[in-house]
Amino acid sequence: MTELIDRLQTGDTLSDGEWRFLIEGGYDRQQLFEKADEVRRQYYGKDVYIRGLIEISSFCNNDCYYCGIRKSNDKAERYRLTEEEILQCCGEGYRLGFRTFVLQGGEDAYYTTERVKNVVSAIKSKYPDCAVTLSLGERPRGDYEIWYQAGADRYLLRHETASRVHYEKLHPPYQRFAERMACLQALKEIGYQTGAGFMVGSPFQGTAELIADMRFLQAFLPQMVGIGPFIPHRDTPFAEYPAGSLERTLTMVALTRLMLPKALIPATTALGTIHPQGRELGLKAGANVVMPNLSPVSVRGQYSLYDNKICTGEEAAECVECLRRRVAAAGYEVVTDRGDAV
Ligand code: SAM
Ligand code: FES
């Protein structure tokens, strides 16, 4: 295992069998997590970056089979925040020490090129020391360019799975794998700090699919990688599938840290949902980012991607305090910083 990890760190290409061993193998996982933590401390010390997550819209024009806010879910409650509400969230976040705001939402046509551009410009002019991250799904390259010109710094667009065949089992036919990949490529070319990522334990995912994800990350070299367990949502076609496991998710986080030592990797809310200490364990396995929720409490529950999502009742201030305590108890420290990749 140690030799494989050394090779992973030098950027070596691993064979299918070697990857399979690292992902499935019967070795001491604790040792893997400790190695990942050591590498993370080399580049980032004990620092944990916080990102203020603002869920701007639960309207979505896509129909991903796993997602609770997919357009075919008639039971989903829909809301969208106005520009003014988004700016209020940023104001509150700034006071609480956030220097990155993440605007995430479903693929909502209300958020036209111009509207998003105006919000980005407004945030950047009011808080020039802050980074703005967008996570608004697939859009024409021109939109990405305009938003980048307006000051957006980063873009999160999980690739979801690097296997085309697997992608087609998770999405309806009009959602194209090639399009998702083309968007990621465009974001990177434009100059965004780009985030890819995938769910662990999504339906029909085996080790072969996870190997494809790792190889994709190794070639694409994103600055950010979001990895969280799949969690079923009761009103989706995947309601009856089991959630991804804690151990497998932590393994993929640790392997990603070893392969991309400087990456920004969140300990995700989904990880905190499948286990009470999930986010702390994520940090100890190589993650270095947490994303407390800054959305107004009145709409939190409506951004329901999966069942039993945590932190839907807390005010932003409570959520930040809770996370500061958790991060400190795990042996790290939340810092007030934009937290760009080193
Ligand atoms: N619409 C944007 C997009 O598609 O990138 C951003 C919002 S989307 C809801 C954010 C992420 O939530 C997705 O990339 C997906 O990986 C994750 N997600 C959706 N449903 C999930 C589920 N049931 N379990 C775990 N994660 C889920
Ligand atoms: Fe949100 Fe604990 S992190 S309440």
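As the structure lists them, so they are numbered: ligands from 1, and atoms in each ligand from 1. As the structure is a prediction and not an experimental result, all values here were calculated from the model.
At the shortest separation from atom 17 (C) of ligand 1 among protein heavy atoms lies Arg158 NH1, 3.9 Å. From the protein, the heavy atom lying nearest to atom 26 (N) of ligand 1 is Met199 SD, 3.5 Å. Looking only at heavy atoms of the protein, atom 22 (C) of ligand 1 is closest to Ile231 O, 3.5 Å. The shortest contact between atom 20 (N) of ligand 1 and any protein heavy atom is with Tyr66 CD1, 3.4 Å. Of the protein's heavy atoms, Gln104 NE2, 3.9 Å lies nearest to atom 10 (C) of ligand 1. In this structure, the protein non-hydrogen atom closest to atom 8 (S) of ligand 1 is Tyr303 OH, 4.5 Å. Ranking protein heavy atoms by distance to atom 25 (C) of ligand 1, first place goes to Pro229 O, 3.3 Å. Shortest contact from atom 9 (C) of ligand 1 to any protein heavy atom: Leu305 CD2, 3.4 Å. Nearest protein heavy-atom contact of atom 3 (S) of ligand 2 is Arg279 NH1, 3.1 Å.
Sorted by first and then second residue, the salt bridge (charged side-chain N to carboxylate O under 4.0 Å, His left out) pairs involving residues 250-272 (not counting sequence neighbours) form an empty list.
Between the side chains of Asn293 and Arg300, at least one donor-acceptor pair of N or O atoms lies under 3.5 Å. Checked by atom type, the side-chain pair Asp340/Gln193 shows a donor-acceptor distance below 3.5 Å. Side chains of Gln104 and Tyr303: a donor-acceptor N/O pair is present below 3.5 angstrom, by distance only. No hydrogens or angles considered: nothing links the side chains of Glu209 and Thr161 as a donor-acceptor pair under 3.5 Å. Side-chain N/O atoms of Asp143 and Thr113 include a donor and acceptor closer than 3.5 Å. Tyr174 and Asn62 are not linked by any side-chain donor-acceptor pair at a separation below 3.5 angstrom, with hydrogens and angles left out of the test.
Below 4.0 Å from some heavy atom of Leu157 lie the following atoms of ligand 1, by number and element: 5 (O).
Ionic pairing of Arg80 and Asp108 is present here: one or more N-O contacts between side-chain nitrogen and carboxylate oxygen are shorter than 4.0 angstrom.
The ring of Tyr192 has its center closer than 6.0 angstrom to the ring center of Tyr148. The six-membered or imidazole ring of Phe198 lies away from that of Tyr167, with a centre-to-centre distance of 6.0 Å or more. Side-chain rings of Phe21 and Tyr27 approach one another, their centers coming within less than 6.0 Å. The ring of Tyr155 has its center closer than 6.0 angstrom to the ring center of Tyr144.
Tally of protein N, O or S atoms closer to atom 1 (Fe) of ligand 2 than 2.8 Å: 2.
Considering backbone and side-chain N/O atoms, Tyr306 never comes within less than 3.5 Å of an N/O atom of ligand 1. The shortest N or O to N or O distance between Gly105 and ligand 1 is under 3.5 Å. Considering backbone and side-chain atoms together, Arg180 places an N or O closer than 3.5 Å to an N or O of ligand 1. Considering backbone and side-chain N/O atoms, Cys67 never comes within less than 3.5 Å of an N/O atom of ligand 1. For the pair His233 and ligand 1, the shortest N or O to N or O distance does not fall below 3.5 Å.
Using a 4.0 Å cut-off between heavy atoms, Tyr65 makes no contact with ligand 1 at all.
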Distance-only criterion, 3.5 Å: show the donor-acceptor pairs between side-chain atoms of residues 211-218 and protein atoms not counting sequence neighbours.
{"unit_1": "Asp213", "atom_1": "OD1", "unit_2": "His159", "atom_2": "NE2", "d": "2.9"}
{"unit_1": "Asp213", "atom_1": "OD1", "unit_2": "Ala162", "atom_2": "N", "d": "2.8"}
{"unit_1": "Arg215", "atom_1": "NH1", "unit_2": "Asp16", "atom_2": "OD1", "d": "2.8"}
{"unit_1": "Arg215", "atom_1": "NH2", "unit_2": "Leu14", "atom_2": "O", "d": "3.0"}
{"unit_1": "Arg215", "atom_1": "NH2", "unit_2": "Asp16", "atom_2": "OD1", "d": "2.8"}
{"unit_1": "Gln218", "atom_1": "NE2", "unit_2": "Asp12", "atom_2": "O", "d": "3.1"}

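Under the 4.0 angstrom criterion for non-hydrogen atoms, Ser135 is in contact with ligand 1.
Atom 3 (C) of ligand 1 is approached by the protein to below 4.0 angstrom, counting heavy atoms only. Taking a distance limit of 4.0 Å, we find that atom 14 (O) of ligand 1 is approached by some protein heavy atom.
Annotation: ring pair (Phe, Tyr, Trp, His ring centres under 6.0 Å) contacts of Tyr43 (sequence neighbours excluded): none.
For His233 against Ser304, the heavy-atom pair with the smallest separation is NE2-OG, 3.2 Å.
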Test salt bridge (Lys or Arg N to Asp or Glu O under 4.0 Å) on Arg115 and Glu83 and set out the steps. CA-CA 8 Å; Arg115 282 203 170 101; Glu83 176 173 337; over 6 Å; no

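Evaluated by nearest non-hydrogen atom to atom 16 (O) of ligand 1, the leading choice among Arg139, Glu55, Gln175, Glu160 is Glu160.
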